[in-house]
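Notes follow once the structure below has been shown.
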Amino acid sequence: MSTTAASTPSDPRDTPAEVRVRFCPSPTGTPHVGLVRTALFNWAYARHTGGKMIFRIEDTDAARDSEESYQQLLDAMRWLGIDWDEGVEVGGPHGPYRQSQRGEIYQDVIAKLIEAGHIYESFSTAEEIAERHRAAGRDPQLGYDGYDRTLTDAQKQAFRDEGREPTWRLRMPDEDLTFTDLVRGEITFKAGSTPDYVVVRANGQPLYTLVNPVDDALMEITHVLRGEDLLSSTPRQVALYRALVDIGVAKQEPLFGHLPYVMGEGNKKLSKRDPESNLFLYREQGFLPEGMVNYLALLGWGYSADQDIFSREQLVERFDVADVNPNPARVDIKKATAINADHIRLLPEAELVERLVPYLQAAGLVSDPITEEQHRLLAAATPLVQTRMNLLGEAPDMLGFLFTADADLVVQEDALKKLGEDPVAVLDRAISEVEALGEVSFTTEALEAALRGAIVEDMGIKPRLAFGPLRSAISGRRISPPLFESMELLGRDSSLARLRALRERLAAS
RNA sequence: GCCCCCAUCGUCUAGCGGCCUAGGACACUGGCCUUUCACGCCGGCGACACGGGUUCGAAUCCCGUUGGGGGUACCA
């Protein structure tokens, strides 16, 4: 519950009384892991400090934004259990929380910035800027040169008479700009390295560069935790923030913390195209939200020196931005999967049953809604697969044979190989042993005792080979959940039918 | 070009001057357990990018080099 964790030794200001963080995505495309990791870190920090999480939508680009994407963002947050205290859907004192609905607020701020002289009209085109650089013997690649800073009214009028509409640029301070990054420490951008930049389009619409800091200021954000890709735009934001403080819109500038990149294979930034960047693909494959949260948290942060499996509660208990690692993290599907597997094992059995249902339904193995009979079977089968699964999506493959009619069971090619010297004899013996077992004594223990006694001891066949043919007959697979347990679940009639079916098939060939 | 960030096993990381002959996890790998496959358990392989300093002492601090990455828009 301590809020002092937020401050770093070099932080010159007092730690704000309450931590207020925000997650402010643009609703474009499908949520990707880097974005969600950012949401998670903001959330974890808010919860750790007892602060507030604000969820704002930056939909200022009508051409790219979509309602579908917005719905997916909500879906992603809810799936992972990342909740928010103020923002879209829940409201709050600083609404509205969609930038597309905040136009008047921005116009008001723009008017104040103009009045105070922080932004000025700029008529220069990109070509004119480059041309001036060339004429002066400078690199034409250099950015905006500040030419319009000192335009007289007459000059402006002349441009207007040509039919030109100006953009508005922020007057950058002509001095080194330093801030203390929560993750990286003190960072200084040299004076002159950041040109005056455009904050309002020629058509009067504000740009992200204006709107983002303005909303952070109005929503009283204290800690801006965002991706490293925004690090180099921080001097611009800080400069604007200072202007906002000057005109009374902002109380003070927030603290910044830039979270490391999330990379794909090799050294390339994870793009939205890469399948491993799509959050929902993980869900489809059967990642548990617990597993996903755990793995995501490991992208730039660690729970402790010798433990990397932890719960959401443990994350909240320990998370601190100051402990975030500055180097880029690569997503490793295998590690993510291994972590998910651990969470599957940690789940109470009854809970796992419920989590499994949608995956079996999607595969068409059980009905929707699931019948009582199916549910009973699944509940009995779940303990057999809990330590065998890495992803919930593996369940249909592992348990399918239990939910398939005997006549529809397909024995895979793979399961017909390496069945030993005389699989027909083994199956014959198994059939007679099973027949001898009554309905009531058709249990895992009785089955194992009878079959082991007959095939392993009597016939002298090694266990490895002894049960192979039975496994193939029962499950149709070379690899399956434990055999005797599976037979018990299937029942005597079904087990016999399957043993006989494979026996006939092998005898015929 | 200019500006900024980053640099420990293949990967994610612990390490914040002596506890480091560098710890953990995933992956890989040898074995045990075992009705298959897993789980579990025991073991192995495997890293401080390089060069200078500072210091009694450096993976840890400083500088440089190299190598990655990002920014440099009337996108966000």
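Since we're looking at a predicted model, the values are computed, not measured. Computation of the quantities below employed the complete heavy-atom set of this structure, encompassing side-chain atoms and omitting hydrogens, waters and symmetry-equivalent molecules. To find a chain, count down the sequence lines: A is the first, B the second, and so on, and within it residues start at 1.
Of the candidates B:A76, B:U11, B:G40, B:G40 carries the atom nearest the A:D342 side chain, counting heavy atoms from C-beta on. Here the side chain of A:L231 is nearest to one of B:C5, B:A38, B:G69, namely B:C5. In this structure, the nucleotide among B:C26, B:A76, B:U36 sitting nearest to the side chain of A:K334 is B:C26. Of the listed nucleotides (B:U13, B:U35, B:C26), B:U35 has the atom at the smallest distance from the side chain of A:L483. Among B:C4, B:G69, B:U36, the nucleotide with an atom closest to any side-chain atom of A:M263 is B:G69. For A:R236, whose side chain is taken as the heavy atoms from C-beta onward, the closest listed nucleotide among B:A76, B:U35, B:U36 is B:A76. The side chain of A:T387 lies closest to B:C39, out of B:C39, B:C74, B:G24. In this structure, the nucleotide among B:C74, B:G10, B:C5 sitting nearest to the side chain of A:D332 is B:G10. With distances taken from any side-chain atom of A:F467 to the nucleotides B:U13, B:U35, B:C3, the minimum falls on B:U35.
Under the 4.0 Å criterion applied to side-chain N and carboxylate O atoms, A:K335 and A:E276 are not assigned as salt-bridge partners.
Looking at which nucleotide of RNA chain B each of A:T188 and A:S232 is closest to, the 5′-most match is held by A:T188. Summary of the strand contacts: A:R184 and A:P25 both lie near RNA chain B, and taking for each the nucleotide with the nearest heavy atom, the more 5' one is attributed to A:R184.
Contact check, A:T60 against B:A76: a side-chain N or O comes under 4.0 Å of OP1 or OP2. Here A:K190 reaches the OP1 or OP2 of B:C3: one of its side-chain N or O atoms lies under 4.0 Å away.
A donor atom on one side chain and an acceptor atom on the other are not found under 3.5 Å apart for A:E349 and A:T382. Between the side chains of A:D59 and A:S100, at least one donor-acceptor pair of N or O atoms lies under 3.5 Å.
Scanning atom types as modelled, one donor and one acceptor separated by under 3.5 angstrom connect the side chain of A:K335 and the base of B:A25. The base of B:U35 does not come close enough to the side chain of A:R464 for any donor and acceptor atom to sit less than 3.5 Å apart.
Nucleotide B:C56 carries an anti base; the chi torsion (O4'-C1'-N9-C4 or O4'-C1'-N1-C2) is more than 90° from 0.
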